[in-house]
Amino acid sequence: MYDFKEIEKKWQDRWEKDERLRAVDFHPTKPKYYVLYEFFNISGNLHMGHLKGTVPADALARFKRFQGYNVLFPIGGDSFGLPAENAAIKKGINPVKFVSDGMNNAMAQSKKIGLSFDWSRTFCTSDPDYYKWTQWIFLQLLKNGKAYKQKGYVNFCPKCQTVLSNEDSQGGKCDRCGSDVVQVNRDVWFLKMKEYSEKLLGNVDRIDMAENLKEAQRNWIGKSEGVQLKLDIVDANGNKLDEIEIYTTCIETVYGITFVVLAPEHDLVERQQNNISNMDEVRKYIEKTALKSEFDRISKVKDKSGCKLEGLYAINPVNGAKVPVYLADFVLGGYGTGAVMAVPTHDQRDYEFAKLFNIPMIQVIEGDVSKCAVEKAEYLEKNSKLINSGEFSGMNVLDAKSKMADMVVAKGYGKKQINYKMQDWSFNRQRYWGEPFPVIFCEHCGVVPMDEKDLPLTLPATDDYLPNAHGDSPLSKIDSFVNVKCPKCGRPAKRETDTMPNWAGSSWYWLRYCDPHNDHALADYDKLKYWGSVDCYTGGTEHITRHVLYAFFWQNFLYEIGAVPTRDPFIRKMGSGLILDDEGKKMSKSSKNGISPLEVIDKYGADVARMHVHFLAGYEDNCQWTFKGIEGIVNFLDKVWKLQDMIKGDEVSAEHEVELNALIKKVSEDYENLKLNTAISACMIFIKKIKEDGWISREELRRFLIVLNPLAPHITSEMYERVFGLDILDQSWPEFDENKITKDELPFPVQINGKLRGTVLVSKNATQDDVVNAIKADDKFNIDFDNIRKIIYVPGKIINIIC
RNA sequence: GCCGAAAUGGCGGAAUGGCAGACGCACAAGACUCAAAAUCUUGCGAGGGCAACUUCGUGUGGGUUCAAGUCCCACUUUCGGCACCA
């Protein structure tokens with residue numbers, strides 16, 4: 001048995017300083033390969049999820065180095081945000097110290113897993129050298145009109161006292177503390193992410209990623225194609241007062257409009273307040289609904305509520321019908337135009353609303369609408385006929401849909417319109433521990449960006465990390481920070497006191513690894529060009545609709561302003577599955593019965609821990625943690641260790657040639673695809689054969705150690721040194737011979753009438769005649785070859801004889 | 001409700017349309033041992049047969065094919081995403 005504690009320590013110490021694990025900019029001969037594992041979140045100890053997430057990336061990096069690639073495999077810390085700030089508030093720990101301790105801890109623990117990161121490129125998002133460039137990117141966004149400040153209703157977490165983006169409040173809960181999110185009216189910095197919707201969909205199409213993850217992103221972006229219609233607003237006598245626009249994806253039902261519904265925050269109400277006779281009632285309704293949290297608004301699906309705007313009517317442009325106008329909170333202000341046409345016969349929400357307010361209905365598509373609406377999915381599938389729709393009556397829906405859209409456009413009633421659910425990114429937080437905005441407010445000059453040469457705007461030290469009574473950021477309490485001279489006019493002015501969300505720093509970090517110490521640019525353009533897009537990005541799937549979309553957004557923007565040479569940040573994205581605890585819940589630092597990877601490493605060693613976790617399930621699959629079965633890995637590595645005493649002969653032997661070639665082929669493919677579970681099983685199969693024969697040649701052992709090294713780097717490095725006196729890092733990946741992955745003679749499967757009836761031993765290059773002759777010679781088959789109908793022969797696979 | 005992914009022994013899980021259950025765990029029998037542990041050998045989907053062998057078998061029901069876990073249609077369940085998005 002080998003002493004894993006001593007051996008693993010020895011190699012980990014060496015790797016930490018080893019120049020061969022560093023990426024080389026502009027390597028003269030080697031092609032580049034960029035493997036990225038997502039930032040460590042500086043919050044405490046590494047958990048099992050890290051073991052599952054990092055090891056395949058490490059294996060891929062080690063594999064690619066053997067293959068002769070110049071591998072960039074960096075790591076850093078996502079260190080702004082709540083963990084450090086909470087530690088500061090609760091325990092009085094300085095966030096800077098918290099981050100540096102946390103990062104040291106993460107590095108020490110990564111080392112214990114045997115990860116071959118390039119430590120020379122490590123940084124944290126809260127390093128001023130780094131956030132200088134996060135601030136610089138914000139200034140570019142601002143200067144290019146992609147950042148704007150606006151008062152508006154935004155997601156707000158009452159507990160964290162801060163504004164949240166839609167991405168941070170998925171499901172109506174604060175992403176950090178789980179509190180119900182409410183809507184408040186605040187001054188908010190927005191980034192024009194919505195404008196990038198179509199480009200983001202392009203990134204989604206091009207990236208190599210699992211379909212379910214792509215769908216999650218497409219759902220989040222939420223593209224829909226429809227028609228935007230202009231409706232006149234008139235008084236009871238038909239005199240035109242105003243206009244509104246509605247958005248619909250169901251123009252085919254336009255003859256069925258019997259009312260129009262606006263979101264409570266729609267601006268028509270303020271504009272027409274003098275023409276609305278029940279304004280008191282309307283104001284009460286707005287007050288009641290607008291302050292509800294978005295979660296409440298969408299969760300109480302059954303409770304329709306609304307308020308009629310007495311005195312206002314809308315005119316249906318296609319038939320001149322005059323219909324009432326309502327406010328209702330089922331219409332969302334932030335989507336489309338914040339106003340919809342209501343066709344109760346063909347939309348269930350409108351149907352319920354019409355019942356509640358006793359609004360008449362007009363059926364315009366065939367079907368039974370006596371109990372509920374006949375909705376889009378149903379009538380499109382049946383391609384039903386239109387009725388009560390003027391000249392379109394009798395036409396089927398699919399034809400009518402496009403013809404009516406064309407008609408509406410031709411007559412100038414409206415236009416075709418594409419909408420996206422994704423909203424602009426609300427980009428400020430009322431917190432201390434984030435990047436300060438490099439922006440100054442001047443009474444005379446308005447919003448003034450800081451001069452780029454004055455960056456970074458460093459976060460001032462404080463010991464008061466709590467927001468003030470108005471929910472403003474702690475920075476607002478630091479006068480020396482707040483009060484400055486306007487860079488334009490020199491008069492007294494004030495800095496922005498909010499900080500950026502912690503997603504800011506993670507939205508471009510892969511670029512910085514290409515040139516982490518650059519003081520003149522976010523990274524040197526030629527280095528960015530050299531390293532290009534990340535070849536394989538691994539990490540959790542929980543970031544798919546947040547971080548990864550932000551990453552697409554920023555990279556697109558930086559590409560468009562010429563700061564980076566590529567539009568796609570990542571070529572391939574692999575989503576790591578979760579490790580679940582006994583109860584089937586996600587195992588993380590916070591779970592009660594979570595097992596630390598260090599516990600497993602301490603007991604069994606890093607190589608065993610690495611292999612066991614990845615023998616449990618595929619990389620993208622969830623798996624329940626168990627020690628059950630770990631003996632299989634322990635046993636396997638024990639057999640590997642004993643190979644040292646079984647060496648016989650030097651070259652690859654005829655006896656093991658086929659097994660060795662098959663092993664190398666299989667494992668090469670598996671590392672490339674991060675299929676570590678089957679790579680492990682291939683290694684086990686090889687060892688089984690060696691055990692059977694009782695010996696292995698030196699060259700066979702040499703190649704085997706290289707093949708196993710990405711999975712179990714410690715034991716294989718040690719054995720390589722002991723047996724060959726060399727460092728395995730200097731070796732190259734063994735080639736395999738495609739002609740030597742199967743034996744010369746194989747049992748060839750024989751089917752009769754599609755059922756397997758046995759095998760015959762034939763040469764691997766056997767022709768159909770060879771196989772037929774072998775079958776004739778074997779009396780177990782007993783086939784009357786004079787009366788067969790057909791023979792299907794698939795070379796190398798199977799023969800099927802149909803009688 | 002819409003969209004996506006998936007369903008294989010006692011368990012974790014393998015299978016470019018071509019021998020289902022690789023590999024590992026658990027289990028059983030045997031070897032070694034005074035004994036146990038460790039290790040090694042063998043067996044291990046279900047039914048029938050002394051046996052050679054044979055029938056059935058990859059969530060359910062249909063289909064395509066010489067051949068289906070794999071492709072197509074419908075359904076069930078599980079997981080994930082979106083969700084009063086007009």
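Chain letters run A, B, ... following the sequence lines, proteins first and then strands; every chain starts at 1.
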Exercise. Counting only side-chain N and O atoms of A/N635, is one of them less than 4.0 Å from OP1 or OP2 of B/U39?
Worked result: yes
Exercise. Do A/E352 and A/K355 pass the salt bridge (Lys or Arg N to Asp or Glu O under 4.0 Å) test, and can you show the C-alpha distance, the side-chain angles, and the key distance before you say yes or no?
Worked result: CA-CA 5 Å; A/E352 285 162 20; A/K355 285 276 174 204; over 6 Å; no
Problem set entry | Residue among A/I801, A/I802, A/N800 satisfying side chain to side chain contact (heavy atoms under 4.5 Å, CB included) with A/K790 | A/I802
Seminar exercise, completed: The answer to which of A/D347 and A/I802 contacts RNA chain B further toward the 5' end, by nearest nucleotide, is A/I802
Problem set entry | Residue whose closest nucleotide on RNA chain B lies nearer the 5' end, A/K639 versus A/V794 | A/V794
For this session: State whether the distance check finds a donor on one side and an acceptor on the other, under 3.5 Å, for side chain A/N800 versus base B/C66.
Result: yes
Problem set entry | Side chain of A/F615 - closest among B/C23, B/A86, B/C40 | B/C23
Exercise. Under 4.0 Å between a side-chain N or O of A/K688 and OP1 or OP2 of B/C23?
Worked result: yes
Exercise. Would you say A/N677 reaches B/A14's phosphate, i.e. side-chain N/O to OP1/OP2 under 4.0 Å?
Worked result: yes
Seminar exercise, completed: Side-chain contact check for A/K755: nearest option of B/A14, B/C56, B/C23 is B/C56
For this session: Select base, sugar-phosphate, or nothing to describe what A/Q751 touches, counting heavy atoms under 4.0 Å on all strands.
Result: base
Exercise. Out of B/C40, B/G12, B/C19, which nucleotide sits closest to the side chain of A/I798?
Worked result: B/C19
Exercise. If you take atom types as modelled and just measure distance, does the side chain of A/K421 reach the base of B/C82 with a donor-acceptor pair under 3.5 Å?
Worked result: no
Exercise. If you measure from the P atom in B/C56 to the same atom in B/G62, how many Å do you get, rounded?
Worked result: 15 Å
Seminar exercise, completed: With the side chain defined as heavy atoms from C-beta on, A/K691 is closest, among B/C3, B/A86, B/C40, to B/C40
For this session: May I ask you to verify if any side-chain N or O of A/Y335 is less than 4.0 angstrom from the OP1 or OP2 atom of B/A86?
Result: yes
For this session: Pick base, sugar-phosphate or nothing for A/K666, based on heavy-atom distances below 4.0 Å to the nucleic acid.
Result: nothing
Exercise. Does a donor on one side chain and an acceptor on the other come within less than 3.5 Å for A/Y550 and A/S165?
Worked result: yes
Problem set entry | Within the 6.0 Å centroid threshold, strictly below: A/Y196 and A/F552 | no
Problem set entry | From B/A14, B/C23, B/C25, nucleotide with atom closest to A/D621 side chain | B/A14
For this session: Say whether, by atom type as modelled, one donor and one acceptor occur between the side chain of A/K743 and the main chain of A/S763 under 3.5 angstrom.
Result: no
Problem set entry | Side-chain donor/acceptor of A/N212 to base of B/G4, under 3.5 Å | no
Problem set entry | Nucleotide opposite B/C27 in a Watson-Crick or G-U pair, distances under 3.5 Å | B/G43
Problem set entry | Any strand: nucleotide that pairs with B/A68 via Watson-Crick or wobble, under 3.5 Å | none
Exercise. Counting side-chain heavy atoms from C-beta on, which of B/C19, B/A14, B/A5 comes nearest to A/T678?
Worked result: B/A14
Problem set entry | Out of B/A67, B/A20, B/C84, whichever nucleotide has its closest atom nearest the side chain of A/L756 | B/A20
Exercise. If you look at every strand shown and take non-hydrogen atoms under 4.0 Å, does A/I792 touch a base, only sugar-phosphate, or nothing?
Worked result: base
Exercise. Under the 3.5 Å rule, do the base of B/U16 and the side chain of A/K797 count as making a donor-acceptor pair?
Worked result: yes
Exercise. For A/Y285 and A/S305, does a side-chain donor sit closer than 3.5 Å to a side-chain acceptor?
Worked result: yes
Problem set entry | B/C85 to B/G81 separation - C1' atoms, rounded to the nearest Å | 15 Å
Problem set entry | Under 3.5 Å on both distances, the Watson-Crick or G-U partner of B/G21 | none
